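Numbering of ligands and ligand atoms starts at 1, following listing order. Bear in mind the structure is a predicted one, so any value in this text is a computation, not a measurement.
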Amino acid sequence: MCGIVGYVGQGNALSILIESLKRLEYRGYDSAGIALQNGKGIEIYKTKGKINDLQKILPNHSHDITIGLGHTRWATHGAPSERNAHPHTTEGVSVVHNGIVENYRDLKSLLLSEGHQFSSDTDTEVIPQMISRYLAKGLQLREAIKNAVTHLRGTFAVGIMSESHRDVLYAVKRGSPLVIGLGEKEFFFASDIPALLPYTRRFIYLEDGQICRITKEGIEIEYLEAEDRA
Ligand code: GLU
């Protein structure tokens, strides 16, 4: 197991993500990472080791950043390393993932045959690669995510952020736990409720096969029935 967290609102995303990740440490992990949307692009910080190690490489200029993702990894595919730590980013789309993509070899072969280049040894990286494949076909982000996820076999809870959608997070899940935390002009997701207890007592459990679009104004949940899969 590992942990994923996401935040969008008006607060200091980095400190909220770090506190939430620390509250998921009991689940075990071997590396950790953060993605921050800074208004111009996505900054990624990740390392093998503990959250204390991650904190040594975090920026101190990030107080104004109000949206981001966090991850603690328990390696299943690919050694524990900075290269394999999440978030994984393809073409400006960053992903944190809890679970296993059982058919990642088939998907990776397909993507490699189409010219995609991988930068990790994980099963997870097929997710942002698949999303970018559908974006390249002209789909909007939400439809690209839905189409990408239809290819995945296995279990997942996934958090997604795109540098071209600066105010939006997406969360999708099948088989791995994911809870949405509801605040006032701020919303969260996490693998487990204790991660978010300093911030809210109002939660929605995302169901298997659902996608949640999250902004600081609110959330929209729908089922993952993809159209135009190709
Ligand atoms: N299977 C993914 C990996 O090895 C995610 C593992 C996890 O749930 O932490 O990177």
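- Remark: ligand 1 atoms within the under-4.0 Å shell around heavy atoms of His77 are 4 (O).
- Under 4.0 Å from ligand 1, heavy atoms of Asn98 appear from its side chain as well as its backbone.
- Remark: ligand 1 and Gly99 share an N or O pair separated by less than 3.5 Å (distance only, no angle test).
- The Thr124 neighbourhood of ligand 1 comprises atoms 2 (C), 3 (C), 5 (C), 10 (O), with distances under 4.0 Å to a heavy atom of that residue.
- One hydrophobic cluster holds both Ile204 and Leu206 under the rule that ILVMFWY side chains link at heavy-atom gaps under 4.5 Å.
- For Thr122, every heavy-atom contact with ligand 1 shorter than 4.0 Å involves the side chain, none the backbone.
- Counting non-hydrogen atoms of neighbouring residues, nucleotides and ligands closer than 6.0 angstrom, the CD atom of Glu19 exceeds 12 such neighbours.
- The closest side-chain donor-acceptor pair between Glu186 and Tyr7 falls under 3.5 angstrom.
- There is a side-chain donor-acceptor pair under 3.5 Å between Lys22 and Gln55.
- A donor and an acceptor atom, one from each side chain of Tyr104 and His151, are nowhere located under 3.5 Å apart.
- Those atoms of ligand 1 that come under 4.0 Å of a heavy atom in Arg73, given as number and element, are 3 (C), 4 (O), 9 (O), 10 (O).
- Each of the atoms 6 (C), 7 (C), 9 (O) of ligand 1 lies under 4.0 Å from some heavy atom of Trp74.
- Near Cys2, meaning under 4.0 Å from any of its heavy atoms, are these atoms of ligand 1: 7 (C), 8 (O), 9 (O).
- Tracing side-chain contacts under 4.5 Å through hydrophobic residues (I, L, V, M, F, W, Y), one reaches Val172 starting from Val126; they form part of the same cluster.
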